[in-house]
Structures are given as structure tokens and as C-alpha cells.
Protein chains: 2
Amino acid sequence: MTKYELISEEIRKRIGTAYYPEDQPIPDENSLAAEFQCSRMTMKRALDLLVAEGLLFRKRGHGTFIVKAALNKRAINVSGHENRGFTKVMADKNVTSQIIRFDVHFPSEEVAAHLSIDSSAPVYDIVRLRLVEEEPYVLEKTFMPVNVIKGIDEKVLLGSIYSYISNTLHLKVAGAHKKIRAAKSDQLDQQYLGCDQADPVLEVEQVAYLNTGRPFEYSFSHHRYDKFEFSTVEITKTGL
Amino acid sequence: MTKYELISEEIRKRIGTAYYPEDQPIPDENSLAAEFQCSRMTMKRALDLLVAEGLLFRKRGHGTFIVKAALNKRAINVSGHENRGFTKVMADKNVTSQIIRFDVHFPSEEVAAHLSIDSSAPVYDIVRLRLVEEEPYVLEKTFMPVNVIKGIDEKVLLGSIYSYISNTLHLKVAGAHKKIRAAKSDQLDQQYLGCDQADPVLEVEQVAYLNTGRPFEYSFSHHRYDKFEFSTVEITKTGL
DNA sequence: AAGTGGTCTAGACCACGGA
DNA sequence: CCGTGGTCTAGACCACTTT
């Protein structure tokens, strides 16, 4: 844990417990830096995290203030992470998987393009239903290059592909590009997510890549429209 | 324009024009700092922007690399902004509005809570269809406290509420919290967005707040499922 | 040991807003 | 004018990876 993260957590806790009055600026950066015995740059960085979370905002020449809208939120995430894909969020829940399809074949033009591979490089074609506490949570359609993610089998699919990639293959996931849209539910969604024919789904299209820069997953996740939503915070640049 | 933004743009341009080979690290931070005549901190900050955009990623002990998946993207946004709400993105397009409903009344419990106001404080209740180049683009249901955003009338609603808030009221928007989900289209959606009864919509629930910390807008935006998607980049923390 | 990125410092100057 | 946050610097030390 770095110094700025520790300080950030302390300030987050203070906001959550109303240690600072919500209608006044919190102490200025120099005072806080003195209190926490750090440089002003480090203090600023700690506050930056909270600004990015939407808990604080700054007014040049005035001070740093608490976002009132954020106080209504349940409890303010103790560790304050909004965007931590699936498994992380589910850390202490019972996550299981059901395999709907598991094939290997040559990729379509589209899949090859998104994975930056040649059409002659085979890909896994996987459809899994993931359940949280026995409840259907998300239906995932996944393409992964066989050359990159070697040795996928049913046993791996019943657990977490991400655990396999990091713990067994010792590869590291660097990030992902996502597109989020609404879609009509298809026959598979209705069958496995248990949704009605008239129910839509929230579709997340994702290209994930390793810390080698190589894309290793192109996937479409379908979530029940009544059980999943995506949260984000938008910050207006101070200069505008 | 700050130094780190200028440097960031230059590097973004270089990536877009394949100035750097994509299978090798870009020059290290000290070399780049020397080339751009800045400190290493400033150089790092310039690169941070590109990492946040998903164009670059870093490997401690190795170097900074180009994300191959990002190169496929059309042209790499010249100024690289993903999350700039409506009006900004539409800068050079013809945006018009059609007023579906315009009322003032007392807020429901839910609306009052999201706007952090008392149930006795009246709110505008607005439904607008927004069109881009004459095409229906989004149907917005908006609640705003009358005490905060004074003087809204039909003329304002036909243009941009945001312009009115900044240019006439001289208030500043600091940010917004958003939730994105899929929903069934209702009768209004079908009528105004021209979607079929079976078509879903992408719903964005938003609480926007001023640089006074005061929430001023609680809204639900419905987008046609086939014409709108939300893009985002997820970065895995290097420590994990 | 050498080279990379990650953090942190102490201090400087600038931009903005209010007294 | 002063106090605020925003940027920038020059340098230090640490963590990680390869040689």
C-alpha cells in the first residue's frame, strides 16, 4: 500500500463518517500535507483518487469540497473501487460456471480482427453461464486464441479462466476495452438467464489484453436487465 | 494547454502514425523527458493520460508499450476524449429539441433524495426528445430543483439546458454520477424514438452536480439500442 | 549491476477568486 | 493582496526484471 493510497483511505473514511462538515471545504492541501506528514504533491495525489471516485471536487481559488450526492450512496465503498471486473467484486461469494458450448475452430474475420490474429490461427469458442450463489448472473460468449491461452479444458472452464491465466499460465492481464449497449435477449439468454422473451439484456463487448500487449479475449457478456447496471463517474475538467 | 497535455498529444499522434514500432517499448521516460525538455514527473504524467485511454500500458522493469488492440480503432481520437457528455461530442452537429412535457411540481421521495432537497422544494419535470441532424437521438426525462436552476422556459428547453446553466446563470457543472442499464422501451420511447415495441433501450440514470457540490439534475436518458453504446477502458492496477 | 517504471520530496511559479 | 488549487522541476529512493 502506498502512502497516497493510505492517506486516501483515511480521508474517505472521514467523509463517510461526516468528520468534515459537508457544506464547507475540507482543509487545504498544505494543512493536510502537514497533518499527514507528506509533501503537497503526495497529498494532492491522495485527493485525486477521491475526486476520480466522485467523492470530492475542487474549486480553484476556493478549496476542495465534498460531493453531496455521494453521501447518499450506501456506505461509500470502503476501498472505493468502482471498476473491478467480475471476479474481484465477487471475492467472497460462491461463483460457479456451467458450460454451454466449448469448441475450437478458425475465427471469423471479425473475431480475427479484434484479437489481432490471422484467420488461420484457431480460437476457442466458449459459451458459459456464470452463477453467483446458484443464481444465473451472466451469459458469456468468449473467443480466445489457442496459441495464446494454451490448455483450456472443461475443468478450467468450470472455475475461473482468469485464475487459470494468472495462476497456471503466469500471464498478466493489463486491461480491457469495453462497449456497453442494450440488446434483445436471444434464445440462449432466455433459456439460461431465465429471462422472458420480451426482456432485454445489457451486453458488454470486451477486448482484453495481456501485459505483452496481445489481445487474448474477445467476448460478449449478457446480463439480465433487472439485475445488473454499470456505474461510472464523469468529472468536468476544471479548465472548461 | 498544459505541457503534459501537449506532450501527450504528440505521443498520441506518434502512436497513430506508427512512428514507434508496435512490438517494442517506446523510449524510456528519462529519454522522452530529455527529448521534450521536461522533468520525468511531467513526462510520466503525459504518458499517464495515454495509459488511461488504453493506448499504452507499462511493465515495471521493462518499459512502456503500445496496446495493439487500440491500433485497430478508427484513427485514435485526435484529442483522445472518451467521456465527454452529449453536447461536447456533438459540437459540429445540428442538435435540436422537442418538448414532450414541461411541468413544475413537488418531488417524489426518490427525486428529492437524489437531488438532496426537501419534498417541499418544487422541481421542474421535463421530458424532451433530442435530435441530431433531424434524427431522434435520445429521450430525456429530467428533474431539476426550481430554486437552483431558475428561469427555465420553453425557449431554454428548445436549446441546450447546459448552455443556459453556464452562459446565462453562470453556474459551473462539476461532474455527474451515472448508472447504465438496459430497459424495456415504454410508450413514449416507441412514439418518439421510433422504436418497435419489442426494442429495448439503453437507460442512463444520472445525478449531475454543480461546483457548489449541489446536485441540480436527476435524469433518465433513453437511447435507441441500435444507435448508442457506451465505451470505457479498464486498467488493471500494476500491483495486482 | 544496470535499466526500467513507481513513489515521494521540498520547493517554485502560475491561475483563479475573494477581501 | 492573500489563499486556494494546478503545474512543473530536479533529484532521491524503491521495486521489479534482465544481464
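Quick note on labels: first sequence line is chain A, next is B, and so on, each numbered from 1. As the structure is a computational prediction, the values presented were derived from the model and not from experiment.
For the pair Gln24(A) CD and dG3(D) P, the interatomic distance rounds to 18 Å; values are reported in whole Å. Atom P of nucleotide dA10(D) and atom CD of Glu29(B) are separated by 16 Å, given to the nearest angstrom.
The backbone N or O of Arg14(B) lies less than 3.5 Å from a partner atom in the side chain of Thr17(B), making a donor-acceptor pair.
At the phosphate of dC8(D), neither OP1 nor OP2 sits under 4.0 Å from any side-chain N or O atom of Tyr4(B). In this structure, Arg45(A) reaches the dT7(C) phosphate: one of its side-chain N or O atoms is under 4.0 Å from OP1 or OP2. Contact annotation: Ser39(A) side-chain N/O to dG11(C) OP1/OP2 distance is not under 4.0 Å.
Cation-pi geometry between Lys59(B) and Phe65(B) is met: under 6.0 angstrom from the ring centre, within 45 degrees of the axis.
Of the inter-residue distances, the one linking Leu32(B) atom CG with Ile11(B) atom CD1 reads 5.0 Å to the nearest 0.5 angstrom.
Nearer the 5' end of DNA chain C, as judged by each residue's closest nucleotide, is the contact made by Ser31(B), out of Lys44(B) and Ser31(B). Nearer to the 5' terminus of DNA chain C, by closest-nucleotide assignment, is the contact made by Ile26(B) (compared with the other of Met41(B) and Ile26(B)). A residue-by-residue look at Thr64(A) and Met43(B) shows that Thr64(A) has its nearest nucleotide of DNA chain D further toward the 5' end.
Comparing atom distances between the Asp28(B) side chain and each of dT17(D), dG5(C), dT9(D) picks out dG5(C) as nearest. Proximity note for Thr2(A) (side chain, C-beta onward) versus dG18(C), dT7(D), dT7(C): the nearest is dT7(C). When distances are taken from the side chain of His62(B) to each of dC8(C), dT18(D), dT7(D), the shortest belongs to dT18(D). Between dT7(D), dG5(C), dT9(C), one nucleotide has an atom nearer to the side chain of Arg60(B) than all others, and that is dG5(C).
Arg40(A) comes within 4.0 angstrom of a nucleotide base, judged by non-hydrogen atoms across all strands. Residue Lys3(B) is in sugar-phosphate contact alone, with no base atom involved, counting any heavy-atom pair closer than 4.0 Å across all strands shown.
Between the side chains of Glu205(B) and Tyr218(B), at least one donor-acceptor pair of N or O atoms lies under 3.5 Å.
Heavy atoms of other residues, nucleotides or ligands lying less than 6.0 angstrom from CZ of Arg214(A) number 12 at most.
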